[in-house]
Amino acid sequence: MASGGGNNRNGTHRNSLKGTTTTSTVSTDKPLSVNSNPSKPAFKNKSSPLTGASSGLRKSSPGSLGGGAAKDDAGVPGRVRVAVRLRPRNAEESVADADFADCVELQPELKRLKLRKNNWDTDTYEFDEVLTEFASQKRVYEVVAKPVVEGVLDGYNGTIMAYGQTGTGKTYTLGRLGEEDTANRGIMVRAMEDILAEVSPEIDSVLVSYLQLYMESLQDLLDPTNDNISIVEEPKSGDVSLPGATLVEIRDQQSFLELLRLGEAHRHAANTKLNTESSRSHALLMVHVKRTVKGREPAHSSDNGNSTSMARSLRPPLVRKGKLVVVDLAGSERIDKSGSDGHTREEAKSINLSLSALGKCINALAENSAHVPVRDSKLTRLLRDSFGGTARTSLVITVGPSPRHRGETASTIMFGQRAMKVENMLKLKEEFDYKSLARRLDIQLDKLIMEHERKQKAFEVEIERITAEAQNRISEAERNYADAVEKERLKYQKDYMESIKKLEEKWMMNLQNQGNERKEQMVHIAGEVAEVKKLLSKETSLRKAAEEEVDNLKSQLAQLKMSEASANSEILKLRKMVEDEVCQKEKLEGEISMLQSQLLHLSFEADETRKRLDRGGPGKVPGRLDSPVSQVRSQLKDSGNGEKASVAKLFEQVGLQKILSLLEAEDADVRIHAVKVVANLAAEETNQQKIVEAGGLKSLLMLLGSSEDETIHRVAAGAIANLAMNEKNRELIMSQGGISLLSTTASHAKDPQTLRMVAGAIANLCGNDKLQTKLRGEGGIKALLEIVKCGHPDVLAQVARGIANFAKCESRAATQGSKTGRSLLIEDGALPWIVQNANSDASPIRRHNELALCHLAQHEVNAKDMISEGALWELVRISQDCPREDIRTLAHRTLASSPDFIAGLKRLRINY
Ligand code: ADP
Ligand code: MG
């Protein structure tokens with residue numbers, strides 16, 4: 001009962017019957033129109049007055065077979081059809097109302113009903129069909145129900161409902177089984193007969209539920225324990241279903257009749273239990289018809305399996321699902337609301353609820369009201385598709401003739417009149433049945449698998465057969481081949497034997513022919529043999545003579561060999577003697593070198609002892625200590641002729657080359673002695689050149705670098721200092737990296753004497769005009785300033801001598817103009833030390849520093865630094881106190897001539 005049904009209440013649809021392709025009759029559009037042939041409604045091809053909407057609908061629907069329901073979504077208008085049926089007077093009425101006329105008068109040909117108001121006035125109503133008391137059950141079925149049933153078979157929902165006062169024949173019309181007389185069969189039985197006649201049991205199905213609604217409780221008449229079935233509404237489609245209700249599949253009429261009987265019995269029992277009558281409850285029969293649309297069945301010929309049949313078989317079958325609802329309503333008469341019939345007021349309300357809700361819904365639909373109270377009762381919920389929905393609905397209202405019930409009759413008529421105004425939109429319930437397609441495909445698949453297996457088996461058998469046949473053929477061919485080969489072999493054997501035989505015969509013949517020729521040849525050969533024998537004896541005698549000769553020679557050879565052996569032993573003896581001699585010589589040489597080293601050692605020990613005595617002795621002359629070279633020299637001089645002679649002798653005996661080679665001896669002691677000897681030799685000016693030429697300088701420098709021994713360092717540095725006395729050697733020392741070797745030696749030295757030797761060597765190198773820049777560049781000045789850290793006066797004296805030498809050469813170069821700019825001594829930071837030690841207690845230190853200051857002061861460019869380092873005071877002191885007059889004068893002159901110094905003196909307020 002959808003709200004807002006169609007507006008076309010008069011029904012603008014043509015009546016038709018199923019399959020009216022040729023003879024469908026067309027009735028007028030209006031319900032008032034007169035049926036063209038009301039008394040003879042045709043089953044198959046005549047239109048029915050109650051099914052006006054069916055023609056257009058069904059004519060259009062076959063066209064939509066492929067498209068299904070979706071194309072027809074909007075539906076086709078189909079007004080609720082209403083017929084009125086008059087029950088004949090029953091026995092009681094015949095008696096009681098004998099003197100009264102019926103309250104209704106029917107005009108079936110005009111489809112009119114006249115309701116007598118009083119003796120002189122009637123109301124006239126028009127219905128879709130008017131069925132008199134003489135109308136047969138068959139006719140009632142055909143007029144009221146058949147079009148609906150056909151619609152259900154075609155895939156539409158359908159409703160057939162009886163409405164009327166109790167006892168007016170609702171159950172008679174719908175539910176009679178016709179057991180006593182088949183002519184009395186009611187609509188339910190006849191509808192099922194038509195349905196079963198139309199469906200195909202293999203592909204279609206018919207399922208039935210039978211229910212009773214009483215006091216808003218839905219009971220299953222096929223299963224009385226199931227007495228509260230719930231109604232489920234599909235939210236999308238609005239379809240109503242009863243999942244809890246028993247569904248029985250109907251295959252034949254007999255089982256349907258039994259089902260109805262069973263339902264009736266259950267209804268009776270239930271009503272007894274509830275203490276009510278069947279007239280108080282509504283009975284609903286629901287028939288679900290599912291049909292496969294013809295022409296859309298799957299192709300059954302799967303054997304050939306061509307593509308079209310395959311494609312066809314993949315198409316899901318199209319099914320139409322129509323639901324027929326037959327409703328035998330409770331009596332429409334008003335029950336006593338006081339509850340006098342054994343019910344309370346509340347119960348009475350509840351009993352009436354569904355029926356009055358139905359009335360309200362139909363009123364709302366008839367008036368096209370915006371709200372239809374469908375949800376007010378279970379009945380209206382169950383029938384929502386029947387009124388204002390998609391179902392084709394046919395209502396039969398039953399009335400009795402008795403004027404005593406005129407009121408109830410009038411209200412029944414009004415109900416029917418309103419229901420006629422309700423417009424439904426009929427919709428085809430058509431869909432693809434994928435489930436059955438799946439089932440069908442499963443079956444097909446099984447069949448195909450079976451077929452495949454069968455073929456596979458046959459194929460395997462065939463393969464086996466062919467294999468066996470091939471095997472047979474092969475073995476036969478092999479046999480044939482073996483036979484042929486054997487035959488051939490025998491044939492060749494035979495041929496061979498025959499040819500052998502022939503050859504033997506030939507050979508025998510040849511032998512006989514050759515016998516005679518042989519005899520002649522034998523005589524000739526005998527002569528030749530005798531001659532050969534003679535030659536042989538001659539040869540034999542010659543060989544014997546040769547053998548004798550050989551024996552003779554052999555004995556001679558043996559004699560020669562013997563004499564050679566004795567000579568050999570003599571040679572060996574001599575060789576042994578020579579080797580012994582060599583050994584002896586080597587021993588002696590070893591002894592000699594040992595003696596030489598001992599000698600060197602002894603001589604050097606003597607030197608050392610003498611030097612120590614000289615340094616520590618009371619007769620030491622301080623003025624001679626400033627140079628190790630002169631010291632060595634003096635040692636040599638002082639040592640008298642004896643010592644000098646010993647070294648000279650050694651020099652002569654051993655040779656310079658030998659001594660220098662001992663500098664690289666493996667024995668450390670030998671090395672030390674050798675370097676001592678070289679140092680002593682280097683003290684002599686006459687030897688210096690020879691030592692350098694023989695590579696001595698190189699060896700000494702190498703010793704500085706390679707040896708770890710400090711004695712060697714000390715003595716080698718002393719030797720280098722001696723060699724540096726010579727102008728030429730200084731250049732050689734510098735060019736062979738002497739400065740850096742000496743600085744390294746100084747940095748590792750622990751003994752002040754080593755530092756003294758190193759400082760002496762550098763001091764000597766400082767006295768060379770040409771090498772000033774190089775010496776400074778290789779760190780000579782810096783090395784001297786490092787060495788002073790040791791503090792030993794002997795060492796400091798050597799450093800001061802070096803600095804004085806450097807300053808003197810620099811001053812000379814500046815005077816000559818080959819040197820400009822500040823003194824390199826000042827650049828390398830020597831000035832503070834010079835100033836500090838210019839008044840040293842040790843006179844050699846003081847004198848060298850005083851000299852150095854005077855040399856530096858010669859040049860104005862050094863003046864500022866000298867003033868700032870405090871040299872001015874020292875110069876003033878030197879000019880006044882220096883014991884050496886030449887230095888004093890030099891200092892004085894310098895101070896007097898330098899503007900910077902003069903300014904400095906003034907600034908310091910020194911009166912000079
Ligand atoms: P309801 O179901 O409306 O209460 P019923 O079908 O039970 O009425 O009918 C009441 C009585 O009237 C029954 O005995 C029935 O046989 C009888 N009856 C009803 N309609 C007819 C009819 N058209 N012809 C003969 N008898 C009828
Ligand atoms: Mg009844």
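Since we're looking at a predicted model, the values are computed, not measured. Numbering of ligands and ligand atoms starts at 1, following listing order.
Closest protein heavy atom to atom 12 (O) of ligand 1: Arg87 CD, 3.5 Å. Distance from atom 26 (N) of ligand 1 to its nearest protein heavy atom, with residue and atom name: Tyr172 CE1, 3.9 Å. What sits closest to atom 8 (O) of ligand 1 on the protein, heavy atoms only, is Gly169 N, 3.1 Å. Of the protein's non-hydrogen atoms, Gly167 O, 3.6 Å is the one closest to atom 10 (C) of ligand 1. At the shortest separation from atom 7 (O) of ligand 1 among protein heavy atoms lies Thr171 CB, 4.4 Å.
In this structure, Asn119 places its CG atom where only 12 or fewer heavy-atom neighbours from other residues, nucleotides or ligands lie under 6.0 Å away.
Note on ligand 1: Thr398 sits outside its first shell, no heavy atom being nearer than 4.0 Å. In this structure, Thr166 counts as a contact residue of ligand 1, since one of its heavy atoms falls inside 4.0 Å of the ligand. Proximity of Gly331 to ligand 1 is not established, as no heavy-atom distance is less than 4.0 Å.
Just one of Thr132, Val130, Val104 meets the side chain to side chain contact (heavy atoms under 4.5 Å, CB included) condition when paired with Val84; it is Val130.
Polar contact check, Lys170 against ligand 1: a nitrogen or oxygen pair lies under 3.5 Å apart.
In this structure, atom 1 (P) of ligand 1 has a protein heavy-atom contact shorter than 4.0 Å.
Between Leu355 and His282, some side-chain heavy-atom pair lies under the 4.5 Å cut-off.
Donor-acceptor pairing under 3.5 Å is lacking for the side chains of Lys170 and Ser279. Checking Gln165 against Glu333 by side-chain atom types alone, no donor-acceptor pair falls below 3.5 Å. Between the side chains of Ser217 and Asn228, no donor-acceptor pair is found at a separation under 3.5 Å.
Taking every heavy atom of Gln165 and a limit of under 4.0 angstrom, the matching atoms of ligand 1 come to 3 (O). Below 4.0 Å from some heavy atom of Arg85 lie the following atoms of ligand 1, by number and element: 23 (N).
Lys323 and Asp385 are not joined by a salt bridge, as no carboxylate oxygen comes within less than 4.0 angstrom of a charged side-chain nitrogen. We find that Arg139 and Glu129 are joined by a salt bridge, their nearest charged nitrogen and carboxylate oxygen being less than 4.0 Å apart. With respect to the salt-bridge test (charged N to carboxylate O, under 4.0 angstrom), the residues Arg79 and Asp128 qualify.
Here Thr171 meets the criterion, with an N, O or S atom under 2.8 Å of the Mg ion (ligand 2).
Heavy atoms of Ser279 found under 4.0 angstrom from ligand 1: none, in either backbone or side chain.
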